[in-house]
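Nothing here was measured: the structure is a model prediction, and the numbers come from that model.
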Amino acid sequence: QVHVAESGGGLVQAGDSLRLSCKTSELTFRNYILGWFRQPPGKEREFVAAIPLHGSSTYYADSVKGRFTISRDNAKRIVALQMNNLKPEDTAIYFCAAMLGPKPYDSRDDYDYWGQGTQVTVSS
């Protein structure tokens, strides 16, 4: 069983930065994909960013490209999401998720393991 747990959410002002972390249990297969999703108030959960467990590729939603950076530290089993220049529309519950690839990295329904989420609130 794979476990993922997010941390690092909070209340910030527009233009500020925030770093989310996702701690995973040991992932024994090379083709895991780790993703960040978010669910704004009253809306559906949407893709934010993804990174494979091995390899250098990263993937982003258009709405966060150039502002957010996903990275991983396999030795520490951490996937981080660095969020810069935050906007009020980034307000959401942010979820970390994992799935066995290869599958479309932005397909919410293909992710098998989810964390509980961490709240990010950006005030204007």
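- Following chains of ILVMFWY side-chain contacts shorter than 4.5 Å, one can reach Tyr94 starting from Ile70, so the two form part of one hydrophobic cluster.
- With sequence neighbours left out, the side-chain contact (heavy atoms from CB on, under 4.5 Å) criterion links Asp109 to no other residue.
- Minimum interatomic distance between Asn84 and Ser17 (heavy atoms only, all atoms of both residues): OD1-OG, 2.9 Å.
- The shortest non-hydrogen separation linking Ala14 to Pro88 is CB-CD, 4.1 Å.
- In plain terms, the two heavy atoms of Ala80 and Arg19 that are nearest each other are CB-NH2, 3.4 Å.
- Applying the disulfide bond (SG atoms under 2.5 Å apart) test to residues at least two apart or on different chains, the pairs with a partner in residues 1-61 are Cys22-Cys96.
- In this structure, Arg108 forms no cation-pi arrangement with Phe37, as its terminal cationic atom is not both closer than 6.0 Å to the ring centre and no more than 45° off the ring axis.
- Using a 4.0 Å cut-off between charged nitrogen and carboxylate oxygen, Lys65 and Asp62 count as a salt-bridge pair.
- Of all heavy-atom pairs between Arg38 and Ser63, the closest is NH2-OG, 3.5 Å.
- Nearest approach of Tyr111 to Tyr105, heavy atoms of both residues: OH-O, 2.6 Å.
- Residue pairs meeting the disulfide bond (SG atoms under 2.5 Å apart) criterion with at least one partner in residues 40-90, sequence neighbours excluded, are absent.
- Considering all non-hydrogen atoms of both residues, Val48 and Val64 come closest at O-CG2, 3.6 Å.
- Counting heavy atoms from C-beta on, the side chains of Met83 and Val120 come closer than 4.5 Å.
- Distance check: Ile78 CD1 to Leu20 CG gives 12.5 Å after rounding to the nearest 0.5 Å.
- Atom NZ of Lys103 has more than 12 neighbouring heavy atoms from other residues, nucleotides or ligands inside a 6.0 Å radius.
- One distance of note links CD of Glu46 with CG of Asp106; it measures 11.5 Å at 0.5 Å rounding.
- To the nearest 0.5 angstrom, Leu81 atom CG is 11.0 Å from Glu6 atom CD.
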